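Okay, structure first, notes after.
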Protein chains: 2
Amino acid sequence: MSAGISLDQSYPNLFTPEDQVFVRALEDDPVSIPPRHALTLRGEPLSHAAYLTSGFAGRFRADWTGRRQLLSLHIPGDFIDLPSFMLFRLDHDIDSFNAITCARLHHDRIAQMRVTMPHLYDCFWRISLMDSAIQRYWAFRVGRLVGRARIANFFAEIFARMFARKLCGTDGFTLPLTQADIGEACGMTPVHANRMLGELREEGTCTLENGRLVIHDLRLLASVGQFEWDYLYLPPQAEAELADLLGAGATRQRRRAPAPAPRT
Amino acid sequence: MSAGISLDQSYPNLFTPEDQVFVRALEDDPVSIPPRHALTLRGEPLSHAAYLTSGFAGRFRADWTGRRQLLSLHIPGDFIDLPSFMLFRLDHDIDSFNAITCARLHHDRIAQMRVTMPHLYDCFWRISLMDSAIQRYWAFRVGRLVGRARIANFFAEIFARMFARKLCGTDGFTLPLTQADIGEACGMTPVHANRMLGELREEGTCTLENGRLVIHDLRLLASVGQFEWDYLYLPPQAEAELADLLGAGATRQRRRAPAPAPRT
DNA sequence: CGCGGAGTTGAACGCATTCAAGTCTTGTGG
DNA sequence: CCACAAGACTTGAATGCGTTCAACTCCGCG
């Protein structure tokens with residue numbers, strides 16, 4: 001049971017010191033969940049909103065044959081089911097990847113914040129929308145990019161989020177996902193995920209081994225994945241650091257492609 | 001400039017009559033946008049939140065070659081950029097499909113609602129999350145389903161949303177999308193979209209013609225698309241009607257597939 | 001009458017899936 | 001300490017879904 005990451009560390013520049021103290025006081029008993037275990041099931045009524053203080057979790061939705069699509073990956077510091085405060089039930093399952101601990105806020109206490117701590121209340125809305133933006137970008141990733149780029153883009157995002165939260169350096173980070181998980185995240189078979197990871201390794205981009213992603217060439221990772229990070233809504237300082245590390249990104253372009261280039 | 005759909009019609013059971021009157025009074029000048037025109041650009045600072053009173057619009061994100069992925073399709077009654085209230089800028093472009101009109105609420109006025117109309121303020125948060133759930137499901141669609149199922153699932157969703165809002169009957173609805181648009185929505189080339197639409201037509205599921213989707217067999221459409229609608233967070237009555245029209249849907253199943261069936 | 005956008009179709013190619021057979025690692029029990 | 005089972009990872013070969021390229025039709029519009 002590590003001390004864990006605080007909300008203030010997770011979302012710098014968002015909370016006031018008073019917010020931080022206040023929200024700490026509202027937390028109910030923390031919970032621990034073993035690896036590869038369900039946190040919440042689709043449709044189940046929820047009474048608390050939880051955020052990860054350690055470990056990784058993901059949201060899943062399965063097709064009628066039982067094959068799962070990973071819809072989001074949550075890293076330490078993320079709220080994992082904040083939408084349940086407004087929607088009461090979720091439309092997907094949430095599972096842990098490794099062992100996790102989370103702090104919990106009862107919905108009623110969040111509701112009281114609307115009057116007592118309006119700024120904090122707004123922060124929660126804002127956080128839920130930042131989370132949604134990440135999930136929206138997920139559709140772009142699996143819809144528009146080819147296999148290798150999908151995985152590189154996925155890795156680049158997780159790096160950016162971990163790095164912005166100071167949970168890792170530039171050389172890699174803990175990532176307790178199997179190749180089958182990568183497949184579920186990026187909409188491909190485990191076998192194909194394996195081959196694409198092999199290519200990324202061969203070309204000197206990155207290596208996934210023993211629950212850790214080792215990054216060999218950060219700029220290459222970002223460019224193979226066509227990664228941009230505006231959708232993460234990071235504080236200006238973190239954005240600047242990322243621009244420095246990952247390269248300028250693409251220059252912005254509008255409208256349909258002049259010459260519809262082959263899918264990359 | 002038609003009278004257009006009201007928020008109350010769009011989200012039945014959500015607003016109180018007072019909410020409805022109040023929000024109407026806050027609306028700024030409505031705007032009209034011509035077909036195939038940009039509403040907002042990625043990164044642009046916004047001062048208003050708009051909702052569609054008529055017409056269709058979509059959110060897009062392009063890869064580095066300029067090819068676009070449709071991230072969401074907005075039908076009359078949808079808020080299209082409500083997240084901008086909390087995030088100030090958007091991470092994607094918004095374009096019209098046909099001619100649209102929208103009502104606008106200044107961010108400052110929404111902010112004032114937090115004290116004056118707390119219930120209404122919460123409704124806006126809730127609406128933004130219902131919208132997010134739709135966009136999250138988009139990742140499932142393009143990540144897990146094969147071509148024909150992707151399109152059928154997409155059509156089934158639009159039908160469900162239009163029908164729940166009483167904007168169409170069971171025989172079809174206005175859908176001002178080209179086959180190229182369908183391709184951008186479902187993550188495939190226009191050519192392949194054409195072939196898949198041909199199959200759906202041949203097998204008696206539905207026909208897309210002249211900016212209208214004609215539904216020949218609603219249950220078939222839903223089953224080909226493996227469509228479920230829990231993620232739409234519709235009022236109970238609409239859910240019951242849909243269950244009646246579309247069939248029971250799949251019985252819920254958890255965990256990985258016992259025998260990993262081929263991708264459908 | 002000619003242009004452009006949307007839709008359609010055929011054929012070749014290639015990315016991704018499927019099936020299958022392996023290796024390697026890890027943890028468990030004899 | 002070793003045998004064994006289970007899961008993760010790897011690799012090859014065949015198949016097939018989707019893309020690409022290209023040509024052609026249809027239709028509305030200037």
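Note that the structure is predicted; figures quoted are calculated from it, not measured. Throughout, protein chains are lettered first and strands after them, A, B, ... in sequence-line order, and every chain is numbered starting at 1.
- Atom CD in E209(B) sits roughly 18 Å away from atom C1' in dG5(C) (whole-Å rounding).
- Rounded to whole Å, atom P of dG7(C) lies 9 Å from atom CG of L197(B).
- The separation between L200(A) atom CG and dT10(D) atom P is 12 Å, rounded to whole Å.
- Rounded to whole Å, atom P of dC15(C) lies 15 Å from atom CD1 of I151(A).
- Proximity note for T178(B) (side chain, C-beta onward) versus dG18(D), dA6(C), dT20(D): the nearest is dA6(C).
- Between N194(A) and dT10(D) there is a side-chain polar atom (N or O) within less than 4.0 angstrom of OP1 or OP2.
- Under 3.5 Å, the side chain of R195(A) and the base of dT18(C) form at least one donor-acceptor pair of N or O atoms.
- In this structure, E202(B) places its CD atom 10 Å from P of dT8(C), rounding to the nearest Å.
- Atom CE of M188(B) and atom C1' of dT20(D) are 16 Å apart (whole Å).
- If you check every strand for non-hydrogen atoms under 4.0 Å, R148(A) touches nothing.
- Taking 4.0 angstrom as the limit, R150(B) places none of its side-chain polar atoms (N or O) nearer than this to OP1 or OP2 of dC17(D).
- Counting heavy atoms from C-beta on, the side chains of H216(A) and T205(A) never come closer than 4.5 Å.
- At least one side-chain heavy atom of I151(A) sits less than 4.5 Å from a side-chain heavy atom of I182(A).
- Nearest to the side-chain atoms of V146(B) among the listed nucleotides dG18(D), dT20(D), dT17(C) stands dG18(D).
- For the pair T101(B) and S32(B), the minimum side-chain heavy-atom distance is below 4.5 Å.
- Using a 30° and 60° split on the angle between ring planes, Y137(A) and Y231(A) fall in the parallel class, below 30°.
- The separation between H192(B) atom NE2 and dG10(C) atom P is 16 Å, rounded to whole Å.
- The backbone N or O of D78(A) sits nowhere less than 3.5 Å from a side-chain atom of S10(A) that would complete a donor-acceptor pair.
- Distance from the side chain of V191(A) is smallest for dC19(C) among the nucleotides dC19(C), dG7(C), dA16(C).
- Between the P atom of dT19(D) and the CG atom of D63(B) lies a distance of 13 Å, rounded to the nearest Å.
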